[in-house]
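So the structure is just underneath, and the comments pick up after that.
Just so we're on the same page: letters track the sequence lines, and every chain starts at 1.
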Protein chains: 2
Amino acid sequence: MFIAIIMKSNDKQTKEQEILKAAEQEFLTKGYDGARTTSIAQAAGVTHAMLHYYFRTKEQLFDRIVESKFSTMSQSLIAILGDPTLPIVERLKVGIGAHFDFVAENPQLPRFVINEIVSRPERYDVLYKRVGSVVDNVYNGLQADIDRAAARGEIERVDVRMLLISIMSLNIFTFLAYPFMEPLMGELMANRERFIEARKAENIATILKRIEKR
Amino acid sequence: MFIAIIMKSNDKQTKEQEILKAAEQEFLTKGYDGARTTSIAQAAGVTHAMLHYYFRTKEQLFDRIVESKFSTMSQSLIAILGDPTLPIVERLKVGIGAHFDFVAENPQLPRFVINEIVSRPERYDVLYKRVGSVVDNVYNGLQADIDRAAARGEIERVDVRMLLISIMSLNIFTFLAYPFMEPLMGELMANRERFIEARKAENIATILKRIEKR
DNA sequence: ATTTGCATTAACAATTCTGTTAAACAATAT
DNA sequence: ATATTGTTTAACAGAATTGTTAATGCAAAT
């Protein structure tokens with residue numbers, strides 16, 4: 001009796017979650033247009049009618065994935081804030097590294113988000129405001145810190161928004177273009193782990209040198 | 001008589017080219033899966049049967065666009081080489097700026113290429129080798145120059161491949177993520193021209209500082 | 001045991017999209 | 001004038017894809 005209940009409720013969750021998992025994979029790699037509901041259902045081990053039973057339409061299923069991915073995206077930006085108790089250079093080291101690690105764990109995310117924003121901007125007004133306020137927080141949280149260090153003559157004064165764009169560029173592009181660069185770079189990228197670590201150090205070095213005083 | 005001939009041949013070229021132009025736009029923004037042959041035909045002002053008459057299939061039409069875009073991509077990489085007669089710092093300024101300008105004129109290109117490589121890698125083995133040899137050239141063309149300057153103590157010695165990735169990251173990401181960042185950055189990006197110019201200067205500054213000696 | 005409610009399936013319907021074809025058309029060469 | 005060649009259109013065919021539905025199964029509650 002007990003066992004039966006547990007099994008039932010597990011199965012129920014599993015089927016729906018199985019579909020979500022398969023959908024995430026399919027949408028992230030192929031995008032909305034390239035994804036096939038039948039292919040998602042197959043990957044989840046159910047008939048495609050089940051997909052419609054749980055999520056009604058392809059679009060609603062897609063929205064569930066988008067919602068979750070935008071949330072992850074916001075978190076990754078917050079990571080850049082680093083540890084506010086540390087001196088600015090250390091703080092940036094931590095922040096850039098944490099952001100890098102975050103992207104490393106969600107390497108398909110940036111391409112997905114950018115593609116969606118480009119192909120249907122109007123759809124994302126709501127989700128967007130959330131990200132917008134996160135960016136504001138990161139900006140406010142860092143600019144004052146940098147200004148203070150610059151006033152003390154420790155670093156060069158820079159616009160944090162420009163610095164943020166540079167950080168995101170360096171960290172995100174590494175993974176965005178990985179499949180493109182990998183066959184072009186020979187030994188440098190032969191060992192993925194090694195290359196990723198080297199890239200992380202390089203990005204941190206690049207940003208820190210950017211704010212160095214001459 | 002003359003006039004008739006000229007008009008005819010003009011029209012002929014124009015129809016086919018009109019389709020190519022519309023196809024480029026459609027494929028670049030929506031990708032292969034999102035593009036519709038009927039929509040391309042409509043944008044070109046012809047029935048969609050014409051599209052099949054000239055290009056047989058959607059895939060063959062697509063291949064024509066891909067071919068041309070990979071070629072543009074290769075050119076943009078060559079631009080990084082800059083002017084080899086200049087001293088290294090000046091040379092890099094020119095190279096990074098030229099690459100930036102190239103991307104600025106083809107802002108949709110990187111997203112298109114990356115998406116294609118990710119979604120069907122096997123298709124691009126041939127085109128890829130071309131890009132690969134271009135990268136080798138750029139690498140060889142710059143590393144020796146940098147090593148010499150480093151030996152003279154003018155700059156810090158760096159791995160050019162890492163530097164190339166950083167340059168591409170900074171330059172390409174600016175346009176790749178533009179639609180994503182634009183609503184998030186307020187006044188900084190309110191004026192596109194202004195922002196683009198500022199970004200170009202920032203990217204050059206970032207790379208040059210990276211190779212500065214401490 | 002029967003009912004109730006959700007889960008599941010298979011078959012089908014509707015639409016959209018790519019690609020074809022046969023006929024009409026236009027310009028040129030003979 | 002007529003034949004020839006390439007261009008264009010409209011109508012259609014086939015396939016793929018999303019979404020629906022009616023019937024069935026199955027566990028739990030009464």
Side-chain angles (χ1 to χ4, degrees), chain A residues 1-66 116 119-120 123, chain B residues 1-66 116 119-120 123:
Chain A
M1 172 96 138
F2 247 112
I3 293 161
I5 292 167
I6 290 164
M7 279 181 59
K8 174 79 200 298
S9 100
N10 262 8
D11 272 5
K12 200 172 123 193
Q13 286 188 342
T14 314
K15 290 253 170 165
E16 192 171 338
Q17 285 174 345
E18 212 68 41
I19 295 172
L20 274 173
K21 212 175 73 185
E24 176 173 324
Q25 182 54 25
E26 178 100 355
F27 283 132
L28 278 177
T29 53
K30 303 189 185 167
Y32 183 82
D33 292 319
R36 299 287 162 241
T37 54
T38 49
S39 152
I40 292 171
Q42 202 183 351
V46 299
T47 63
H48 83 280
M50 285 303 294
L51 183 149
H52 290 289
Y53 174 70
Y54 281 117
F55 302 98
R56 193 87 185 145
T57 65
K58 179 183 182 182
E59 199 155 325
Q60 280 185 46
L61 174 57
F62 182 71
D63 284 345
R64 285 284 293 272
I65 307 299
V66 166
E116 279 310 307
S119 56
R120 348 192 203 158
R123 271 191 69 135
Chain B
M1 168 89 139
F2 248 113
I3 294 162
I5 291 166
I6 290 163
M7 281 181 58
K8 173 75 200 301
S9 98
N10 264 7
D11 273 4
K12 199 171 124 193
Q13 286 187 341
T14 314
K15 290 253 170 167
E16 191 171 339
Q17 284 174 345
E18 212 68 43
I19 294 172
L20 273 173
K21 211 174 74 185
E24 176 172 323
Q25 182 55 25
E26 178 101 354
F27 283 132
L28 278 178
T29 54
K30 303 189 185 169
Y32 183 82
D33 292 320
R36 298 287 162 241
T37 55
T38 49
S39 155
I40 292 170
Q42 201 183 352
V46 299
T47 63
H48 83 281
M50 286 302 293
L51 183 149
H52 290 290
Y53 174 70
Y54 280 117
F55 301 99
R56 194 84 186 148
T57 66
K58 180 183 181 181
E59 199 154 324
Q60 279 185 45
L61 174 57
F62 182 72
D63 284 345
R64 284 283 293 272
I65 306 298
V66 165
E116 279 311 308
S119 56
R120 347 193 205 156
R123 270 191 68 137

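Shown here are the ring pair (Phe, Tyr, Trp, His ring centres under 6.0 Å) partners of A/Phe62, two or more places apart in sequence or in another chain: A/Phe27, A/Tyr32, A/Phe112.
Here the C1' atom of nucleotide D/dT18 and the CD1 atom of A/Ile19 are 15 Å apart, to the nearest Å. Between the CG atom of B/Asp33 and the C1' atom of C/dC17 there is a distance of 13 Å, given to the nearest Å. Atom P of nucleotide C/dT20 and atom CZ of B/Phe55 are separated by 15 Å, given to the nearest angstrom. In this entry the distance linking NZ of B/Lys15 with P of C/dA26 reads 12 Å, nearest Å. Atom CE in A/Met50 sits roughly 18 Å away from atom P in D/dT24 (whole-Å rounding). Note: CZ (A/Arg36) to P (D/dA15) measures 17 Å, nearest angstrom. Put simply, CG on B/Leu61 is 13 Å from C1' on C/dG19, counting in whole angstrom units.
Which of D/dT17, C/dA10, D/dT7 sits closest to the side chain of A/Thr47 comes down to C/dA10.
Looking at A/Val46 and A/Glu18, their side chains never come closer than 4.5 Å, going by heavy atoms from C-beta outward.
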Can you pull every protein N or O that's under 3.5 Å from an N or O on nucleotides 19-23 of chain D?
unit_1 : atom_1 : unit_2  : atom_2 : d
D/dG19 : OP2    : A/Lys58 : N      : 2.8
D/dG19 : N7     : A/His48 : NE2    : 3.1
D/dG19 : O6     : A/His48 : NE2    : 3.1

**Message:** Go through it in stages, so that I can follow the logic: the residues are A/Lys21 and A/Gln25, the test is side-chain contact (heavy atoms from CB on, under 4.5 Å), and I'd like the CA-CA distance, side-chain angles, deciding distance and then a yes or no.
**Reply:** CA-CA 6 Å; A/Lys21 212 175 73 185; A/Gln25 182 54 25; over 6 Å; no
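Checked by atom type and distance alone, the side chain of B/Glu26 pairs as donor or acceptor with a backbone atom of B/Arg36 at under 3.5 Å.
Within the nucleic acid shown, B/Ala41 has no heavy atom closer than 4.0 Å to any nucleic acid atom.
A 6.0 Å sphere centred on CZ of B/Arg120 holds more than 12 heavy atoms belonging to other residues, nucleotides or ligands.
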